[in-house]
Protein chains: 2
Amino acid sequence: MNLDKFDLAILGVLQRNARASLNDIGAEVGLSSTPCWNRIKRMEAAGVIRGYTVEIDPASLGYMDTVIVHVTLESHSEETLYEFGRALASIPEVLEAFLVSGDYDYYIRIAVRDTRDYERLLREQLYRIPGIRHSKSSFVLRRLKETPLPLG
Amino acid sequence: MNLDKFDLAILGVLQRNARASLNDIGAEVGLSSTPCWNRIKRMEAAGVIRGYTVEIDPASLGYMDTVIVHVTLESHSEETLYEFGRALASIPEVLEAFLVSGDYDYYIRIAVRDTRDYERLLREQLYRIPGIRHSKSSFVLRRLKETPLPLG
DNA sequence: AGTGAAAAGGCTTTAAC
DNA sequence: GTTAAAGCCTTTTCACT
């Protein structure tokens, strides 16, 4: 799907505030509300817009720490990769999981309440998944950026 | 700030669809629209809700690949860490940047259009930042999970 | 493609419980 | 804390450029 400068401008407004009204969006991008509405519906239907979500302060939910875990698997068969991914996806504290090239197989970012919660999560959840060979954890000391995609 | 089960339920609805109407939110959590509105405004004011954003399909914007870069810095002085973070934050393609404990200093996730774009980004942007000692890249082969925070 | 107006529906406030 | 109702604003459709 081809996106023109108006589409990108609309996405930019929605990135900053997904609850902006169509009038406000129109005023910011230089169109009336109707074409904004049409373009948004078109981008929703085309899958450009996947959805709208709220950004929640992790500390407010008691998640004081973020841990990045590197995982190596026993086997690189499609079945092992798939099963491991499925198991990961079912752990709510796992925020992101990427299958990667290079030294490790998976990069995982998890939200934990504290170091005890981290230990519990590793022992009771992660290490119980069959097929793990090795894992290495790094605590996040500072979160510098967590931005949306660049537009244009 | 203390969040009860209704607050968490409201956050859950907004995570799935930040543009849900107050009536829909109320119906899902078992309240009328007025208390939902009050609770949302309270959570916005308290910083529990940081904002509302749109999830965009990266491929639709031409970002076909994701790369995770591990960076080691020359020095661990506060000034170097701060300056490096500031430089990173100014690169739009840098989606996430975490200062971490362990073998490396920074974990960075970047969106790239293709491998040529990745090479250009590393050479023209990342390697130009003063203070970098070493970096290691891993291409993301599969994105398994990119979820919001667990509630409750 | 775009605008503007009008109907339908949702948001926000007030008032009462 | 809650619900209900009133007024206003937004979304959505439609006629027209």
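Please read these numbers as outputs of a predicted model, since none were measured by experiment. Labels below follow one simple rule: chain letters A, B, ... track the order of the sequence lines, proteins then strands, and each chain is numbered from 1. The figures here come from the full heavy-atom set of this structure, side chains too, leaving out hydrogens, waters and symmetry mates.
- In this structure, of dG1(D), dC11(C), dT3(C), it is dT3(C) that holds the atom nearest to the side chain of Pro35(A).
- Across the protein-nucleic acid pair, Leu31(A) atom CG and dG2(C) atom P stand 6 Å apart, rounded to whole Å.
- Atom pair Glu44(B):CD and dC11(C):P shows a separation of 13 Å (rounding to whole Å applied).
- Counting side-chain heavy-atom gaps under 4.5 Å among Ile, Leu, Val, Met, Phe, Trp and Tyr, the cluster of Leu81(B) also holds Leu141(A), Leu144(A), Val67(B), Val69(B), Val71(B), Leu73(B), Phe84(B), Leu88(B), Ile91(B), Val94(B), Leu99(B), Tyr106(B), Ile108(B), Ile110(B), Val112(B), Tyr118(B), Leu121(B), Leu122(B), Leu126(B), Tyr127(B), Ile129(B), Ile132(B), Phe139(B).
- Evaluation of the salt bridge (charged side-chain N to carboxylate O under 4.0 Å, His left out) test over residues 73-82 of chain B, restricted to residues two or more places apart or in two chains, returns Arg142(A)-Glu78(B).
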Please list each protein N or O that sits under 3.5 Å from an N or O in nucleotides 13-17 of chain C, with the distance.
residue	atom	partner	partner atom	Å
dT13(C)	O4	Thr34(B)	OG1	3.3

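- Of the residues in residues 6-17 of chain A, not one places a heavy atom less than 4.0 Å from an atom of DNA chain C.
- Listed pair Ser21(B) / dC11(C) meets the phosphate criterion, a side-chain N or O lying under 4.0 Å from OP1 or OP2.
- Linking Ile, Leu, Val, Met, Phe, Trp and Tyr residues whenever their side-chain heavy atoms come within less than 4.5 Å leaves Leu149(A) and Val54(A) in two separate clusters.
- Using a 4.0 Å heavy-atom cutoff across all strands shown, Arg42(A) reaches no nucleic acid atom at all.
- Applying the salt bridge (charged side-chain N to carboxylate O under 4.0 Å, His left out) test to pairs two or more places apart or on separate chains, those with a residue in residues 18-31 of chain B are Arg16(B)-Glu28(B).
- Spacing between atom CD1 of Ile25(B) and atom P of dG10(C) amounts to 12 Å, rounded to whole angstrom units.
- Within 6.0 Å of CZ on Arg123(A) lie more than 12 heavy atoms contributed by other residues, nucleotides or ligands.
- What separates CD1 of Ile40(B) from C1' of dC11(C) is a distance of 11 Å, to the nearest Å.
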Dump every N/O contact between nucleotides 7-9 of chain D and the protein below 3.5 Å, one line per pair.
none

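- Judged as a salt bridge (charged side-chain N to carboxylate O under 4.0 Å, His left out), the pairs with a partner in residues 94-104 of chain B (not counting sequence neighbours) are, in order, Arg109(A)-Glu96(B), Lys136(A)-Asp103(B), Glu96(B)-Arg109(B).
- Taking only side-chain nitrogens and oxygens, Arg39(A) never comes nearer than 4.0 Å to OP1 or OP2 of dA1(C).
- Taking side-chain N and O atoms only, Ser32(A) has no distance below 4.0 Å to OP1 or OP2 of dG4(C).
- Annotation: side chain to side chain donor-acceptor pair (under 3.5 Å) contacts of Asp4(A) (sequence neighbours excluded): Arg39(A).
- Going from atom CG of Leu22(B) over to atom C1' of dT12(C) covers 9 Å, rounded to whole Å.
- Within the hydrophobic cluster formed by Ile, Leu, Val, Met, Phe, Trp and Tyr side chains joined at under 4.5 Å, directly or through other members, Val100(B) is accompanied by Ile68(A), Val140(A), Phe98(B), Tyr104(B), Tyr107(B).
- With sequence neighbours left out, Tyr52(B) forms a side chain to side chain donor-acceptor pair (under 3.5 Å) with Glu44(B).
- If you measure from atom CG of Asp4(A) to atom C1' of dG2(C), you get 13 Å, rounded to the nearest angstrom.
- Ser77(B) pairs by the side chain to side chain donor-acceptor pair (under 3.5 Å) definition with Ser75(B), Thr80(B), not counting sequence neighbours.
- Legend: residues meeting side chain to side chain donor-acceptor pair (under 3.5 Å) with Asp57(B), ordered by chain and number and at least two apart, are Arg50(A), Ser60(B).
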